Amino acid sequence: MTDLGAVFDAFLDDFLPADYVENYQRYRGDAELRKAYQAAAFDEGWLIPEWGRDEGGRDLNGADALAVKLVGARRRVPRLMNIQGVGVAAPAIRAFGTAAQRDRLLRPAARGDEWWALGMSEPGAGSDLASLRTTATLTDGVFTVNGQKIWTTQGDEARWCTLYVRTATGGKPHHGISCLILDMRSPGVVVRPIRTAGPAVESFCEVFLDDVKVPQDALLGELNGGWTVAMSSLEHERDMIWINTWLETNRAMGPALRAPDLAQHQLVKLGRALADAESVRLTGLRTAAQRFADLPSPAASILKLLGSESVQRAALLSLEVAGEKAFDDPALFDERLDSLGATIYGGTSEVQRNIIAERTLGLPKGRL
């Protein structure tokens, strides 16, 4: 892996601006740089290095691919413009798509040429996918879709959406869900952006679907098999989230580590943050090793929960240590506001706790 790491480092040296590290906050919002990085990294096989060469990867084994991604995270490579297209939609298309779907959609999704949204969350359901109420009725080879989605990242800019809909009722709720590939330009699709606090790195939207027609050949996976597609897709997303939360926790601790004097209670918080970061790293490596060996990975939800909450605590500690001086450093506030989303994307902390309780600890489902 040493040689591959050096080659990837050299690629980044050539691609990134010379002042990228010193001016990271400025480049962080540079849309043109972010677009160019995604395309160039894909073209060179670095973006998804575990994929085959004919798919745009380098055909690396899991350990080598992870090592490449760690190099990229350490170098703080530009945030992808449409991260859910690469991290969630593309793996789903690759695993469950027909040959025609893969030929048409896979490369543009991974390279960033066509953006994707994820139609999962709904009002009243949130991250509880099994409770979704958006319906799709199949008649003469066409689905008619009605319902609403919310917190749809980049729904106002996406060309496509992996839309999760209810196609059957009765039995267990998750058994009647299907995944459709929705063209966001279809008649009957209305997208409304949602205003949020903090720096708007990506937009959030609500999506209204009124008698939207979707052809049957846009079904991704099996009819009523959407739960399997969703769980597989989210595993890809959660598998790599830990790398970013580990590094962001370390970075968020920077001001506290550099502070000349800390109160006793702040030292205790800093010690916890350091322990959190190391726990995330070790648990992430253990989870990755289980994946490489095709073993079940019960720690995935623990890792997501620990990582997302540790970065929040570290960012809050840095604000506390800075005190009134934080008003002279907007980046501290941006880091804190950014960290708040970590307990939402990839499955909320509440959902992760339920998964841990039921699947890892074997506890019965709670009832209110």
Side-chain angles (χ1 to χ4, degrees), residues 1-16 32-116 118 158-160 162 179 181 217-218 220-221 228-229 231-244 284-285 287-295 297:
M1 181 57 223
T2 303
D3 291 340
L4 276 176
V7 174
F8 185 43
D9 258 329
F11 165 78
L12 294 176
D13 287 339
D14 290 339
F15 180 85
L16 296 175
E32 292 307 313
L33 178 68
R34 293 168 63 194
K35 289 178 183 176
Y37 172 75
Q38 181 167 345
F42 178 83
D43 291 343
E44 294 297 323
W46 295 118
L47 193 66
I48 316 176
E50 65 271 26
W51 282 12
R53 292 186 178 275
D54 60 332
E55 300 170 309
R58 285 182 171 251
D59 201 22
L60 300 188
N61 61 40
D64 285 350
L66 174 61
V68 167
K69 291 172 183 178
L70 286 169
V71 169
R74 176 179 54 79
R75 293 285 301 267
R76 300 187 85 172
V77 295
R79 181 181 175 88
L80 304 183
M81 288 295 290
N82 183 232
I83 195 166
Q84 64 271 11
V86 176
V88 185
I93 295 166
R94 183 173 182 254
F96 299 97
T98 64
Q101 289 169 345
R102 293 195 301 271
D103 288 345
R104 167 64 184 85
L105 300 170
L106 192 58
R107 179 183 174 87
R111 196 174 185 273
D113 298 329
E114 294 179 340
W115 288 15
W116 284 75
L118 308 179
R159 166 68 195 280
W160 303 99
T162 48
C179 180
I181 298 172
D217 62 9
L220 183 60
T228 300
V229 178
M231 293 304 101
S232 175
S233 300
L234 291 175
E235 284 300 325
H236 283 283
E237 182 183 25
R238 291 170 188 163
D239 274 351
M240 291 299 107
I241 283 177
W242 73 267
I243 298 176
N244 288 327
L285 292 173
T287 301
Q290 290 168 330
R291 291 263 187 254
F292 303 154
D294 291 326
L295 296 174
S297 182

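Predicted model only: the values in this text are computed from it and were never measured. Keep in mind that the numbers below use all heavy atoms, side chains included, and drop hydrogens, waters and symmetry copies.
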Between atom OG1 of Thr162 and atom CD of Gln84, what is the distance when rounded to the nearest 0.5 Å? 8.5 Å

Distance from Lys35 atom NZ to Leu80 atom CG, nearest 0.5 Å? 13.5 Å

To the nearest 0.5 angstrom, please state how far the OH atom of Tyr37 sits from the CZ atom of Phe11. 6.0 Å

Residues that Trp160 engages under side chain to side chain donor-acceptor pair (under 3.5 Å), provided they are two or more places apart: Glu114

Ignoring hydrogens and geometry, is there a side-chain-to-backbone donor-acceptor pair from Arg34 to Pro78 under 3.5 Å? no

Run the side chain to side chain donor-acceptor pair (under 3.5 Å) test against Arg102 and tell me which residues pass, sequence neighbours left out. none

Measure the spacing between CH2 of Trp46 and CG of Leu4 and express it to the nearest 0.5 Å. 5.0 Å

Quick one: side chains of residues 89-99, donor-acceptor pairs under 3.5 Å with protein atoms, not counting sequence neighbours, listed by atom name and distance.
unit_1	atom_1	unit_2	atom_2	d
Arg94	NE	Glu55	OE1	3.2
Arg94	NE	Glu55	OE2	3.0
Arg94	NH2	Glu55	OE1	3.0
Thr98	OG1	Gln101	N	3.1

Looking only at heavy atoms, what is the nearest atom pair of Asn82 and Trp115, with distance? OD1-CA, 3.3 Å

Quick one, Asp54 with Arg107, criterion salt bridge (Lys or Arg N to Asp or Glu O under 4.0 Å). Give me CA distance, side-chain angles, the key distance, then yes/no. CA-CA 10 Å; Asp54 60 332; Arg107 179 183 174 87; over 6 Å; no

Nearest atoms (heavy-atom pairs only) where Phe42 meets Ala110: CE1-CB, 3.6 Å

Rounded distance (nearest 0.5 Å) linking atom CG of Leu60 with atom CD1 of Ile48: 12.0 Å

Residues forming a salt bridge (charged side-chain N to carboxylate O under 4.0 Å, His left out) with Asp113, sequence neighbours excluded: Arg111

Quick one: closest heavy-atom pair of Ala109 and Gln38, and the distance? O-NE2, 4.0 Å

Could you work out, with side-chain contact (heavy atoms from CB on, under 4.5 Å) as the rule, every residue matching Ala73, not counting sequence neighbours? Ile243, Asn244, Leu247

Evaluate the criterion side-chain contact (heavy atoms from CB on, under 4.5 Å) for residue pair Val88 and Trp116; output intermediate values, then yes/no. CA-CA 9 Å; Val88 185; Trp116 284 75; over 6 Å; no

Taking every heavy atom of Phe15 against every heavy atom of Leu33, the minimum-distance pair comes out as CE2-CD1, 3.7 Å

Taking only residues two or more places apart in sequence or in another chain, which ones pass side chain to side chain donor-acceptor pair (under 3.5 Å) with Arg159? Asp183

Just so I know, are the side chains of Cys179 and Thr228 near enough to count as touching, which here means a heavy-atom distance under 4.5 Å? no

Going by the rule side chain to side chain donor-acceptor pair (under 3.5 Å), which residues pair with Asp9 if we only count those two or more places apart in sequence or in a different chain? Arg74, Arg75

